[in-house]
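Working notes, beginning with the structure itself.
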Amino acid sequence: MNSLYKFFNWYFSKAALPYWCIFLFDCLAVLFAGVFCYALDHGINTTVVAFGPLMGTLLFYLIFFILGFRITHTYSGVLRYSSFSDLYRVGIANLIGVCCVAVLRWVFEPNWLEEPLRVKELIFMFILATGIMCSMRIVVKYIFDKIREEQALKGVFIYGVKSGGIALAKSIRSGQPQRFVLRGFVSDADDMTGHMLQGVQVFKNDEKLVEHMKEKGVGTLLVSPLKRSRFTNNSDMVNRLIDAGILIYMTDVAHKWDENSPINPQEIKEVDIEDLLPRDEIQVNLDEIEKVLKGKKILITGSAGSIGSEIVRQVAKFAPQSLMLIDEAETPQHDIRLMMARDFADVKAETVVTSITNEERMEHIFQAYQPDFVFHAAAYKHVPMMEDNPSEAVLNNIKGTRVIADLSVKYGVKKFVMISTDKAVNPTNVMGCSKRICEIYCQSLNKAILEGKVKGSTEFVTTRFGNVLGSNGSVIPLFREQIKKGGPVTVTHPDIIRFFMLIPEACKLVLEAGTMGNGGEIFVFDMGKPVKIAELARRMIQLSGATNVEVKFTGLRDGEKLYEEVLNEAETTKKSNNEKLSPKIKVAKVREYDYDEVCQTIQALIDQSLQFDDMETVRLMKKMVPEYISQQSDYEVLDKELAEEREELEKKEKEQEK
């Protein structure tokens, strides 16, 4: 069967057959039909005895059939492109031949028409010859169409031989329009290797896998939904496939497959780089989150940003009483309004364009809306921009957070959830330090409420995580655009690494930590394995199919770290006592601050920032957060000065003690 397929594949790769080949086949069809009909009428023995004279007669008849072929040009068509008109011409040609024979015999044998058996022979000969010639054309066209269709489909292996792989195989075979043709399965287990499944062979997942795929003419691997996590964490396998130019397809990342339901073929898509980053699946207790948020009034700042907008989408699914969405970016906020009207028309949502630093406007909103929960995602977050604009970082990030936090206490918000960043850990830049000060304020305010220094009942929870894939300003959209333009892809340093998490995953953890926290905690997320940015860039180039795009190293930017802090080390975090929380969520061990001192320092910092003196503003930030040590920044000179000041202070204290 395989040899026959190869023959037809070879044949259809050539130009059309010569006219004489088709002509010869049609002639043989007429002769065969004549012999068959004579044998049917007179028997095989008689046919064998009279074969010589019979062939002479049939060759004479053939002259008239050839006349029909010539008139209708039956032999000039290309068989693989045969159509109804070609079959029609065959019928007319044979009808001309039969009619000529009948007229000729009637002229020379007037009594011939009175012999029904001979008339029947001629009619059957016409029908059979026409049927053979038409069938040949139909069969050739069918085989050509099937081979062309199969060549147009992607030959695939499926990674996974259990229910997920079987469901995937059924999906690609029943999908319309069909996109893939199954050539084999891939299994990690030795006991499945070599067996037949769904009519194809099962291959072992080893170093020879790519070789087997090449032998089968397969350039695509489909990953079972049950194998997704194992596949993405198997960097050796992923690298082998990518290096060999094998395309990788998975089901839609947002689709949670139910083993009792079929897989939608439309959800099978070619992977993006985000799908291949090594990480474990994150399980979140959505039912508990829904119990807390259902029927509540929820205010979200930064609602048009990458994190804020995803929080909006996820919270809207839990049927809140209403949403108050705040952002100062008009166009993105308009997009959020359209999204809510389109996807969550049953959720009452108000979109407001304003700045969180506008105290009068914020007061009016809180007074009118009276929110139960506040998710505070608004912030300036681009490290190089904030290095150049520290006063704006203070005013927007720190003052804005203070405004929203104070109003939350004043108007009885049940819980305030602040979105922070891993750059707040031992910060090396203005942005990271500004977020650390925001953390300090929220935590000290929560402590003051518990101690009775501040009247209120609001619980303050901070969530801290690293880079999220696809967020505004992240490297992946930048790399994708650079590859599209032909490069180069710019990476700051060959050894720089980062932790990554998908936006939906990060926001689910934010909702879980925020709603389940007791107040006063700074939750950190286990971000999984770090990713080397240079390798990420090279892999994206390979996935794009580009061959002439280079990676260019540009040097670390102002305030940029080479390595992000590892957030889940024992000395910096502890496990949460809340059993409802995901094991991916831990509580940071951080120094606690006195609320009154924090208020005084922050007010002095805000006052200083209004002078727009960058050095003095950053100096105060460093005094408030001593672990803030600048890197690749003009503010490094301050670290030396402050270190000398601390040394002098320590000397004086020692002298006083003596």
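If you read the sequence from its start, that first residue is 1, and numbering goes on from there.
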Sorted by chain and number, sequence neighbours left out, ring pair (Phe, Tyr, Trp, His ring centres under 6.0 Å) with F373 holds for none
For E387 and V430 the tightest heavy-atom approach is OE2-N, 2.6 Å
The side chain to side chain donor-acceptor pair (under 3.5 Å) partner of S420 among H376, E439, R436 is E439
With under 30° as parallel and over 60° as perpendicular, where do the rings of Y249 and F180 fit, or are they tilted in between?
perpendicular
Between the CG atom in L247 and the CD1 atom in I242, the distance rounded to the nearest 0.5 Å is 10.5 Å
Would you call K532-D495 a salt bridge at under 4.0 Å N-O? yes
To the nearest 0.5 Å, atom CD1 of I629 lies from atom CG of N429 at 12.5 Å
CD of E328 to OG1 of T357, rounded to nearest 0.5 Å, is 7.0 Å
Decide, yes or no, whether a salt bridge links E290 with K317 under the criterion of side-chain N to carboxylate O below 4.0 Å. no
OH (Y411) and OH (Y369) are apart, to the nearest 0.5 Å, by 15.5 Å
- Message: In the structure I gave you, are the side-chain heavy atoms of I307 and V510 within less than 4.5 Å of one another anywhere?
- Response: no
Rounded to the nearest 0.5 angstrom, the NZ-OG1 distance for K414 and T515 is 9.5 Å
Can we say K453 and D596 salt-bridge, meaning some charged N sits less than 4.0 Å from an Asp/Glu carboxylate O?
no
>> For a quick check under 3.5 Å, do H334 and R337 share a side-chain donor-acceptor pair by atom type?
In response: no
Does any part of the side chain of Y593, heavy atoms only, come nearer than 4.5 Å to the side chain of K447, both counted from C-beta? no
